[in-house]
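Reckoned from all heavy atoms, side chains included, excluding hydrogens, waters and symmetry mates.
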Amino acid sequence: ELYESDFERAANELNLSHLRVSLEWSRLFPNDPGPVDDVEDLAAHADPDAVAQYTAYFAAMRSAGIVPMVTLNHYTLPLWIHDGKACNADIDTCDNAGWADPERTIKAIGLYAGFCAMTFGDQVDLWATLNEPFAVVLAGYMFPSEERTNPPGVFDPALGIAVAFSLAEAHGEMYRMVHAYDDTARVGGVPNLVAVKPSDPESADDIQAAANLDYVYNRAWLNAAIHGEFDRDLDGVAEEHRDDMGMDFIGVNYYTRITAKSLPITIVPGFEMMNFFPETTWEEYAPGLGEVARLG
C-alpha cells in the first residue's frame, strides 16, 4: 500500500530511471481458466481486482518518472498448474506437474504472457519472460537442499535438463505472444550467469571441465532461447534448430564465480559433458560481471 511513496523515493532519493518488478501469475489467475485457446478467452477469467491493482501500480511508476521493466514469471507457478507438494511426493504421477508437463505449461504461460501484454502494454514496454531459469532447474530438479529448494524439490537431474529446455521453449512462446499483443515491446530473458575458472589452470582436464561448466550453465540455454539451437543431450552439438526463438535484450543476474574440478565420470549419466565438480560456488568475484557480459 506504500508503493506510490516508494516510487517517489526511488526516483527522487535513489535517482532511478528504471525499476524491475514482477507480475504474479496466480494473482491475476487464481483459478484454473480451463481449456482456453486464445488470449481474449483467457481475459474473461482474470481477477479484476488484481488487474486494477497492477494498472494503478504501473501508473504510479510512470507518474514518478520511472520506466517499468516487468518480469512475467519469477519462479512461481499457480497451484492449478503446479502442485509442488504432490509432485515432490511422486513426480511421475502427480497432477498439475508444472514444467514436468511442458505441453500444458508452455501453452498456458504463453497465453498468460499475451494477456499481460494486451492488458498492460500501454504502460510497459520492457518485458522479461523468465527469471533465472537455471535456478528453477537446480533447486527444483537437480540439487534441492535445506538451504535452497524450489518446487517440486526432487532429485532427478535428467528431468532437470529436460526442464531447462522446456523453459527455453517457454521463453520463445512468451516472446512471440508479447510481441503479438504489444507492438512497442522489447522482450528478453534474465538468466543467472556465472564466471568460471579451472581448479588447476595447468591441468588440461580441469580446463576442459571449466569449459563444459560454462557451456552447460551459461550457453546451452541462451543458445536455445536466442538462436533456436537446442542441444538437449548436452554434447555440444545442437540436434534441433528452430527459427521462432529470439531475445531483444539479455538481462544478467550475476552473483559469483565457480571453480571447476574435472571428474573421471559424469555427474549425470548419459550427459558426458557434465564431468565437473563445482569446488567453489559462492566466491565473491566482482570482475566476473564483466566476464559474463562479454560472453561470445
Side-chain angles (χ1 to χ4, degrees), residues 22-51 53-54 70-119 127-146 148-178 189-190 221 224-225 230 232:
S22 300
L23 291 168
E24 176 51 61
W25 188 358
S26 60
R27 287 185 182 275
L28 288 162
F29 295 95
N31 301 309
D32 185 354
V36 296
D37 292 317
D38 58 58
V39 169
E40 289 75 12
D41 287 344
L42 178 64
H45 299 273
D47 183 287
D49 292 336
V51 172
Q53 177 76 2
Y54 281 126
V70 178
T71 301
L72 289 160
N73 183 246
H74 196 128
Y75 298 154
T76 56
L77 299 174
L79 183 62
W80 51 264
I81 206 163
H82 186 203
D83 186 337
K85 184 176 180 179
C87 292
N88 175 264
D90 192 337
I91 190 64
D92 294 320
T93 63
C94 63
D95 294 327
N96 302 325
W99 295 116
D101 183 1
E103 183 176 357
R104 179 189 178 199
T105 303
I106 291 170
K107 178 182 177 180
I109 205 168
L111 290 170
Y112 156 71
F115 166 82
C116 293
M118 180 182 73
T119 305
W127 297 95
T129 55
L130 301 166
N131 180 75
E132 298 186 2
F134 237 77
V136 174
V137 170
L138 287 174
Y141 299 88
M142 299 187 77
F143 303 110
S145 68
E146 292 183 1
R148 174 69 181 272
T149 300
N150 287 1
V154 298
F155 179 72
D156 191 336
L159 175 60
I161 292 170
V163 164
F165 288 104
S166 294
L167 286 159
E169 291 185 79
H171 161 80
E173 183 69 10
M174 298 166 80
Y175 178 86
R176 293 186 293 274
M177 292 296 287
V178 171
V190 185
W221 189 86
F230 283 78
R232 297 182 190 271

Point to revise | Side chain proximity check, T129 to N73, heavy atoms < 4.5 angstrom | key: no
Review point. Heavy atoms, side chains only, cut-off 4.5 Å: are R104 and N96 in contact?
Key: yes
Minimum heavy-atom distance [X]-[Y], with the two atoms named:
X    : Y    : answer
A50  : R27  : CB-O, 3.4 Å
V190 : P133 : O-CD, 3.9 Å
M142 : G160 : CG-CA, 4.1 Å
W80  : P33  : CH2-CD, 3.5 Å
A135 : Y75  : CB-OH, 3.6 Å
P152 : G140 : CD-O, 3.6 Å

Practice item. Give the C-alpha distance, both sets of side-chain angles, the deciding distance and a yes or no for side chain to side chain contact (heavy atoms under 4.5 Å, CB included) between Y112 and M177. Key: CA-CA 9 Å; Y112 156 71; M177 292 296 287; over 6 Å; no
To the nearest 0.5 Å, what is the distance between [atom1] ([X]) and [atom2] ([Y])?
X    : Y    : atom1 : atom2 : answer
I81  : T76  : CD1   : OG1   : 12.0 Å
C116 : L72  : SG    : CG    : 5.5 Å
L77  : D83  : CG    : CG    : 11.5 Å
Y54  : S22  : OH    : OG    : 8.5 Å
H74  : E24  : NE2   : CD    : 10.5 Å
E40  : L111 : CD    : CG    : 9.5 Å

Between [X] and [Y] (side chain of the first, backbone of the second, donor and acceptor by atom type, cut-off under 3.5 Å), is there such a pair?
X    : Y    : answer
W99  : V137 : no
N150 : G153 : no
D156 : Y141 : no
W25  : I109 : no
T105 : G98  : yes

Exercise for review: List the steps, then state whether side chain to side chain contact (heavy atoms under 4.5 Å, CB included) holds for W221 with L130.
Suggested key: CA-CA 12 Å; W221 189 86; L130 301 166; 4.2 Å; yes
Revision key, fill the gap. Contacts of D37 meeting side-chain hydrogen bond (donor to acceptor under 3.5 Å, both in side chains) (sequence neighbours excluded), chain-then-number -> K107
Check your understanding: What pairs with C87 under disulfide bond (SG atoms under 2.5 Å apart), at least two apart in sequence or on another chain?
Key -> C94
Check your understanding: For E169 and F230, what are the C-alpha separation, side-chain angles and deciding distance, and is it a side chain to side chain contact (heavy atoms under 4.5 Å, CB included)?
Key -> CA-CA 9 Å; E169 291 185 79; F230 283 78; 3.7 Å; yes
Exercise for review: Inspect the surroundings of CZ in R176 and state if more than 12 heavy atoms from other residues, nucleotides or ligands are less than 6.0 Å away.
Suggested key: yes
Point to revise | Steps toward side chain to side chain contact (heavy atoms under 4.5 Å, CB included) verdict (H82, D101) | key: CA-CA 9 Å; H82 186 203; D101 183 1; over 6 Å; no
